[in-house]
Peer 1: 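Attaching a single structure in structure tokens format; questions to follow.
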Amino acid sequence: MRRKIGDRRIRPRFDIVGDLWGTLESVLQLPLRNVSRGGALIHSHVPLPSHSVHRIAFNTDGRDVSVPVRVSHVDTQVSADGERTYLIGVEFLSAQPALLEMIERWAMAGGVEGAGA
């Protein structure tokens, strides 16, 4: 395969004929509406399929805790101007002690302000 002038690719590229399935991983910062020892409610502009499994990272006070979650329900919200958003309920699949400690501190402080999901 001969490189064209101006082509900076180091490796050759191949055309795909037909469908080729793949996966895409993306990271979104989503507001956390509420949280408990069993799960959380997240506000999103992107719907997630029910029963799908994802990973959520919580960051507060310079500490990061990542936990796998399963989507338990998705409720569509429509604003007065017609914008669709989603309230997504997730259940923690394995709540680590560090996450449970964070949740307890948030509960004692009266909320999850400053916490991100």
Peer 1: Could you note down all residue pairs passing side-chain hydrogen bond (donor to acceptor under 3.5 Å, both in side chains) where residues 79-89 supplies at least one of them, sequence neighbours left out?
Peer 2: His43-Thr85, His45-Glu83, Ser79-Asp81
Peer 1: For Glu101 and Arg63, what are the C-alpha separation, side-chain angles and deciding distance, and is it a side chain to side chain contact (heavy atoms under 4.5 Å, CB included)?
Peer 2: CA-CA 11 Å; Glu101 179 185 315; Arg63 293 180 62 196; 3.1 Å; yes
Peer 1: When rounded to the nearest 0.5 angstrom, what distance separates OG in Ser72 from CG in Leu41?
Peer 2: 9.0 Å
Peer 1: Name the residue from Leu99, Val90, Leu93 that meets the side-chain contact (heavy atoms from CB on, under 4.5 Å) definition with Val67.
Peer 2: Leu99
Peer 1: When clusters are formed by joining ILVMFWY residues with side-chain heavy atoms under 4.5 Å apart, either directly or through shared neighbours, do Val46 and Val78 land in the same one?
Peer 2: no
Peer 1: Could you tell me the separation between the CZ atom of Phe92 and the CZ atom of Arg70, rounded to the nearest 0.5 Å?
Peer 2: 13.5 Å
Peer 1: Pick from Ile56, Leu87, Asn34, Val69: which one makes a side-chain contact (heavy atoms from CB on, under 4.5 Å) with Ile42?
Peer 2: Ile56
Peer 1: Please find the pair of heavy atoms, one from Leu100 and one from Ala95, that lie closest to each other, and give the distance.
Peer 2: CD2-CB, 3.8 Å
Peer 1: Tell me whether Ser50 contacts the main-chain N or O of His73 through its side chain, where contact means a donor paired with an acceptor under 3.5 Å.
Peer 2: no
Peer 1: Is there side-chain contact between Val71 and His51, with at least one heavy-atom pair below 4.5 Å?
Peer 2: no
Peer 1: Looking only at non-hydrogen atoms, find the nearest pair between Ser44 and Ile88 and report the distance.
Peer 2: CB-CD1, 3.7 Å
Peer 1: Evaluate Met102 against Val65 for side chain to side chain contact (heavy atoms under 4.5 Å, CB included), listing each step before the verdict.
Peer 2: CA-CA 9 Å; Met102 279 183 179; Val65 176; 3.3 Å; yes
Peer 1: Give the other cluster members for Leu20, using side-chain heavy-atom distances under 4.5 Å between Ile, Leu, Val, Met, Phe, Trp and Tyr residues; answer none if it is isolated.
Peer 2: Ile16
Peer 1: Would you mind reporting whether Phe58 and Ile103 have side-chain heavy atoms less than 4.5 Å apart?
Peer 2: no
Peer 1: Return the CH2 to OG distance between Trp106 and Ser36, rounded to the nearest 0.5 Å.
Peer 2: 11.0 Å
Peer 1: Would you kindly confirm whether Leu28 and Val35 end up in one hydrophobic cluster when ILVMFWY residues are joined by side chain heavy atoms under 4.5 Å apart?
Peer 2: yes
